[in-house]
Number of protein chains: 2
Amino acid sequence: MYSIGDLSRRTGVKAPTIRYYEQMGLLEAPQRSEGNQRRFAKAELERLAFIRHARDLGLTINSIRQLIDLSGHADRPCADADRIAKEQLASVRDRIAKLQKLEEELERIATCCTGETIGDCYVIRALSNHSLCGHEH
Amino acid sequence: MYSIGDLSRRTGVKAPTIRYYEQMGLLEAPQRSEGNQRRFAKAELERLAFIRHARDLGLTINSIRQLIDLSGHADRPCADADRIAKEQLASVRDRIAKLQKLEEELERIATCCTGETIGDCYVIRALSNHSLCGHEH
DNA sequence: CTAATTGCTCTAGTGACTAGAGGTTCAAGA
DNA sequence: TCTTGAACCTCTAGTCACTAGAGCAATTAG
């Protein structure tokens, strides 16, 4: 049995976050000590690692809840789990593409400033004047 | 003079968001009609375009406030504006790198599932078992 | 003049936590 | 056994950049 602090050290998830996951229904309410402190079994440690892994991959609490529900039904088709992973992949790719456009533009803005004062600072001018942009956005 | 709706249509920024920017001190409190409705001058339209542009580039409200303050002092050195742009660029690059790692891993997870049921679904197994990951994270 | 549209303020909700207050329990050393 | 200090408890509120809705007032087109 682990206290919340043990669990926190083993998973790298802070104690308030563990309580938050419980509140959100990702972790089941654990057993309690006589003095009302949480006592987690190994299964909870594993589930927390699952949650942390999924969060690191950018999945939302809601998606994770769905996956946990799914994982309780080993006999069902896994199309839903596949769909969640594929949607997440698509969204990550989308975000990368958008950030790369920003990178391009910021690079131009941040490296082209040869002025000395705000009056002729390229950063300020580029932000004021959309037509200085390399492409529309 | 533009009403808040005019401004919204011209800039693509929703009216509540415009009020929010005013509340956050990015836009100065505009003139008002006799009936207390906002009436914006052209300068405010331009500033709103500046704000929108900076937001699209991922700058925070705080950074934008700093840039606006700077832009009011045309005689000062522009090192601060440069710094803000460069910091933003660094943060964008950082996010891209992290997302690309996620992309890799999600790709592996989402395309490797050949199971038919949850019981042997690679998505679920990969999330449960960190050692299936291509690299640490 | 009336009806439809647009505007106003204020409050609360989003997601995924984080921080703090104010109190209780636990584990280890004396 | 007692005491002390760390860890734990619940509850509320704050973060960021908006967004939604209630309930009312002003404006504009016909």
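Just so we're on the same page: letters track the sequence lines, and every chain starts at 1.
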Options D/dC9, C/dT9, D/dT27, nucleotide nearest the side-chain atoms of B/R38 | C/dT9
Please determine, for the side chain of A/K14, which listed nucleotide (C/dT18, D/dC18, C/dC17) has the closest atom?
-> C/dT18
B/D94/B/K98 salt bridge by N-O under 4.0 Å criterion = yes
Roughly how many Å is it from CD1 in B/I18 to P in D/dC18, rounded to a whole number?
-> 12 Å
Answer yes if the side chains of B/Y21 and B/R52 hold a donor-acceptor pair under 3.5 Å, and no otherwise.
-> yes
In whole angstrom, give the distance that lies between atom CD of B/Q31 and atom P of C/dC8.
-> 14 Å
Under 4.0 Å between a side-chain N/O of A/T17 and OP1 or OP2 of C/dT18, yes or no?
-> yes
Can you find a side chain N or O atom of A/T60 that sits less than 4.0 Å from OP1 or OP2 on C/dG15?
-> no
Would you mind telling me which residue lines up with the more 5' stretch of DNA chain D, B/N62 or A/D6, judged by nearest nucleotide?
-> A/D6
Spacing of B/E22 atom CD relative to C/dC10 atom P, expressed in whole Å = 12 Å
For the side chain of A/R19, starting at C-beta, report the closest nucleotide among C/dC26, C/dT18, D/dT10.
-> D/dT10
Quick note, B/Y20 side chain, CB onward, closest among C/dC17, D/dT27, D/dA17 is D/dA17
Phosphate oxygens OP1/OP2 of D/dT27: is one of them under 4.0 Å from a side-chain N or O of B/S3?
-> no
Is there side-chain contact between B/L7 and B/I18, with heavy atoms separated by less than 4.5 Å?
-> yes
Whole-Å distance, A/L7 CG to D/dC8 P, equals 10 Å
Calculate the interatomic distance between B/E34 atom CD and D/dA26 atom P; express it in whole Å.
-> 11 Å
Could you give the distance from CG (A/L27) to OH (A/Y20), rounded to the nearest 0.5 Å?
-> 12.0 Å
Considering only C/dT18, D/dT19, C/dC8, which nucleotide approaches the side chain of B/N36 most closely?
-> C/dC8
Is the shortest side-chain N to carboxylate O distance from A/R83 to A/E87 below 4.0 Å?
-> yes
Checking all strands, does B/R32 fall into the base, sugar-phosphate, or nothing category for heavy-atom contacts under 4.0 angstrom?
-> sugar-phosphate
Options C/dC8, C/dC26, D/dT27, nucleotide nearest the side-chain atoms of B/I4 | C/dC8
Rounded to whole Å, the CD-C1' distance (A/Q23 to C/dA16) equals 12 Å
Distance in angstrom units between B/M1 CE and C/dG7 C1', rounded = 17 Å
Partner of A/R38 under side-chain contact (heavy atoms from CB on, under 4.5 Å), chosen from A/E22, A/M1, A/Q31 = A/E22
Taking the side chain of A/I61 as heavy atoms from C-beta outward, which of D/dT27, C/dA16, C/dC26 is closest to it?
-> C/dA16
Does A/Y21 put a side-chain nitrogen or oxygen below 4.0 Å from OP1 or OP2 of C/dC17?
-> yes
Euclidean distance, atom CD of residue A/Q37 to atom P of C/dT24 [Å, nearest integer] = 13 Å
